[in-house]
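Worth knowing before you read on, the calculation uses all heavy atoms, side chains too, and leaves out hydrogens, waters and symmetry mates. Numbering of residues begins at 1 and proceeds along the displayed sequence. Please read these numbers as outputs of a predicted model, since none were measured by experiment. For ligands, and for the atoms within them, numbers begin at 1 and follow the listed sequence.
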Amino acid sequence: MSLAALCARMADEGIRRLLVIADDDEASARQANDLRSSLPGDWLWVGESTDWPLHCAPRALTTLLGREFTHAVLDARYGFDVAALAALSGTLKPGSFLVLLTPPLTEWAQRPDKDSCRWSDTAEPIATPRFVEHFCRALRQDENVILWSRAYQFPLPAFTARPAWHAATGAPEREQAEVLAELADMPPGVMVVTAPRGRGKSALAGMHIARLATTATVTAPGRAATDVLAHYAGEINFVAPDALRVRVAQGEPLSDWLIVDEAAAIPGPLLATLVSAFRYVLLTTTVQGYEGTGQGFLLKFCAGFPHLIHRQLHTPLRWAEGCPLEAFISTVLLFDDASALVQPAGEATILPLQASAWSTQPALPAALYRLLASAHYRTSPLDLRRMMDAPGQYFWLTKTPDALLAALWLVEEGGLSAGLSQAVWAGFRRPRGNLVAQSLAAHGGSPLAATLRALRVSRIAVHPSRQREGLGQALIAHARNNIAGCDYLSVSFGYTADLWRFWQRCGFHLVRLGSHREASSGCYTAMAILPLTAAGQALADNEQRRLARDLPWLDAWREETLPLTLNPETTLNDDDWQELAGFAFAHRPLSSAAGALQRLLMQVDLPLSALRMQLTGKRSEADICSALALSGRKALLATQRQEAALAFSSLDPERIVLLKEQVRQLQFF
Ligand SMILES: CC(=O)SCCNC(=O)CCNC(=O)[C@H](O)C(C)(C)COP(=O)(O)OP(=O)(O)OC[C@H]1O[C@@H](n2cnc3c(N)ncnc32)[C@H](O)[C@@H]1OP(=O)(O)O
Ligand SMILES: Nc1ncnc2c1ncn2[C@@H]1O[C@H](COP(=O)(O)OP(=O)(O)OP(=O)(O)O)[C@@H](O)[C@H]1O
């Protein structure tokens, strides 16, 4: 059969296929060009450089979501963006090939992959042998993939014929119609509809609104996500989740129905507040995909609503069920997280997991990834790649003989040279990686903080049906007792009182409170550490003391009841002087120096308008700039630094000369 005949058959069957060209750089480009000349289609090229008329960079693919193409090439010869592979497959019409260009298979594992710069925290791209082995194993095991390696052979394999496919017409499809009928008769309560991507959840929600005789409010993590919903609904009354919370809190009259699209991406406590306020609720969420997954989250959330109805949609709408391209991507990127649905029972053992397990017993690390992904909405294929090949990653798991109960992912941090740590403290340098270690130096009070060695908890998850049995705490305790050469364990998390309680019970101390809400969880970021050495303990004590002094000035945290004893002193201590020097003469951010600056403002009578307007008056930056005729943020910050220096020297001109010189030296390390 010719390729053209195969395409025609694929179109009839409603499927797309993966065609891998694993050859020398020039040869594979030539073959891709030949394919484009011989097969009609719009042929999108996704990769860095090409002369094809239709092309885009892998990371720009999201701008094309919602568009459709016939045939596309993904150039993974120098770097493989696997999220782009998944996103691209969603744009391909039945009858299309996704042509993937890779290095020759025998060379691929040794080649540095440029994509690794996004997730490995290394200065140079690294080779990714475990991912390549995993990918090649999936290629070999899938008889629906067409693989042209360097010594490629025609003819095409004889693929089994599939039934003819009929595209959806715009009227509700069978599964959608069944759910719509149920919704029409639903008693007051909550229905959750889950499905993989592209099963028509949003369209279903829109169709339901179009049929309602009563009012409905639509909410979702982002307005843009509601385009499909609005298309089927006609008109929608959209209110962002936070704004809706305010309306609920103020007791404003609400519509009969609440419709929440992508519910798992809304923070649990907020979602629970919204859901409880409405008589009728429809939630939809994606349970697998390249942007995140909501299975575990939803299982946990749903448990709080005893009479909740859960329905699933299975049939893809833009291609046929069992499409080989979709199936391959789902297998290779471990999208299928059905494991979260089984209820594991039995005695538990805690074990370390080496990265080599991806070769020797791949099912185990795959289960670990799935568990972490199902509990953390933002887990993406980037994390899968990091987990497989980035240096400095450690894994622990709790399992019964046949099931995984809990998983812990730790990442090495710190160990920076004294000079670099101090330069990070002063704001002169911000190298890649080291999330908590660098943050403690950049925002905390210890210039040498980033020299300490740490392991950060990147992710921890316990199976939803086995939470609150002590498994999480036991896993942390076990890791802590079995690691050497480390000053502290750390974690950065979206603060909720419940989650903090967990970290506290594990022995962690709060060391940093963020001033902005995390986009992914809607919560403020908090960082906590569990000291393991005297140096780690000194760091924890120092940061706790600092927090206790500064907390009264952290506006964002006013409403939270925090496990800290306040120490609202107004005098300046040695740490404050150092902090103020870092702000006035280096690049420390205003947010880190806010506490010390507030105390400074109380000590001096000078006007210091730019500082006072922001810190005391709480005026917006734009407002202050226009009041003081400043050109923008940069100019405002420069003025504030000058004001701090002025105030500072009015208090102790000699000390300031010394501190200024010390701080300035930090940039020349
Ligand atoms: C970097 C990060 O990964 S942050 C995100 C952490 N992970 C998640 O949120 C994923 C979903 N959640 C989970 O997987 C789990 O609930 C975990 C990992 C948070 C906790 O694991 P569990 O095994 O459930 O906790 P464990 O039973 O060990 O709890 C120990 C103590 O922490 C506290 N705690 C744990 N969960 C909660 C909770 N939901 N509410 C209040 N306190 C809690 C309790 O004090 C508990 O002791 P107690 O039950 O005797 O009172
Ligand atoms: N009954 C239908 N007839 C024709 N097209 C449909 C129908 N239902 C949905 N679609 C189309 O199928 C595509 C996927 O639908 P939709 O966005 O609702 O799926 P979803 O499950 O919400 O996917 P995602 O998780 O990607 O948001 C959209 O282009 C939508 O317009």
R505 and ligand 1 - part of the residue with a heavy-atom distance under 4.0 Å: side chain
Please list the nearest protein heavy atom to [atom] with its residue and the distance rounded to 0.1 Å.
atom: atom 3 (N) of ligand 2; answer: G170 N, 2.9 Å
atom: atom 21 (O) of ligand 2; answer: K201 NZ, 2.8 Å
atom: atom 27 (O) of ligand 2; answer: S202 OG, 3.9 Å
atom: atom 31 (O) of ligand 2; answer: Y232 OH, 3.2 Å

So if I count the atoms of ligand 2 from 1 in the order they appear, which ones are less than 4.0 Å from some heavy atom of [X]?
X: A203; answer: 8 (N), 9 (C), 18 (O)
X: T286; answer: 25 (O)
X: R199; answer: 19 (O), 20 (P), 21 (O)
X: Q176; answer: 1 (N), 2 (C), 8 (N), 9 (C)
X: A171; answer: 1 (N), 2 (C), 3 (N)

Are any of the side-chain nitrogens in [X] or [Y] under 4.0 Å away from the carboxylate oxygens of its partner?
X: R512; Y: E543; answer: no
X: D383; Y: R386; answer: yes
X: R199; Y: E326; answer: yes
X: E178; Y: R311; answer: no

Using heavy-atom distances, let me know which of [options] sits nearest [atom].
atom: atom 32 (O) of ligand 1; options: F493, F502, W503; value: F502
atom: atom 24 (P) of ligand 2; options: G198, P196, G200, A168; value: G198
atom: atom 48 (P) of ligand 1; options: R468, H463, R466, R501; value: R468
atom: atom 8 (C) of ligand 1; options: V491, L405, I460, T496; value: I460

Can you tell me how the ring of [X] sits relative to the ring of [Y], calling it parallel under 30°, perpendicular over 60° and tilted otherwise?
X: Y280; Y: W257; result: parallel
X: F508; Y: W503; result: perpendicular
X: W396; Y: H478; result: perpendicular

At a 4.0 Å threshold, what atoms of ligand 1 neighbour a non-hydrogen atom of [X]?
X: R459; value: 3 (O)
X: E469; value: 27 (O)
X: V457; value: 1 (C)
X: S458; value: 1 (C)

Does a donor on one side chain and an acceptor on the other come within less than 3.5 Å for [X] and [Y]?
X: D261; Y: T284; result: yes
X: T379; Y: R459; result: yes
X: E175; Y: T315; result: yes
X: T525; Y: S492; result: no

message: Taking distance alone, with N or O pairs closer than 3.5 Å, would you say G472 contacts ligand 1?
response: yes
- prompt: Quick one: does A375 get an N or O within less than 3.5 Å of an N or O on ligand 1?
  reply: no
Test side chain to side chain contact (heavy atoms under 4.5 Å, CB included) applied to F97 and R16, step by step: CA-CA 6 Å; F97 281 119; R16 298 90 37 80; over 6 Å; no
- request: Could you say whether the N/O atoms of L204 and ligand 2 ever approach to under 3.5 Å?
  value: no
Beyond-backbone contact of I529 with L440, side-chain heavy atoms, under 4.5 angstrom: yes
task: Answer side chain, backbone, both or neither: which part of M207 comes under 4.0 Å from ligand 2, heavy atoms only.
output: side chain
- prompt: Where does H231 meet ligand 2, judged by heavy-atom distances below 4.0 Å: at the side chain, the backbone, both, or neither?
  reply: neither
- prompt: Is A195 in contact with ligand 2, taking contact as a heavy-atom separation below 4.0 Å?
  reply: no
- prompt: Mind checking whether G90 has a heavy atom under 4.0 Å from ligand 2?
  reply: no
message: Please check if the number of heavy atoms outside R480 that lie under 6.0 Å from its CZ is greater than 12.
response: no
task: Find the distance between CG (L368) and CG (L397) and round it off to the nearest 0.5 Å.
output: 6.0 Å
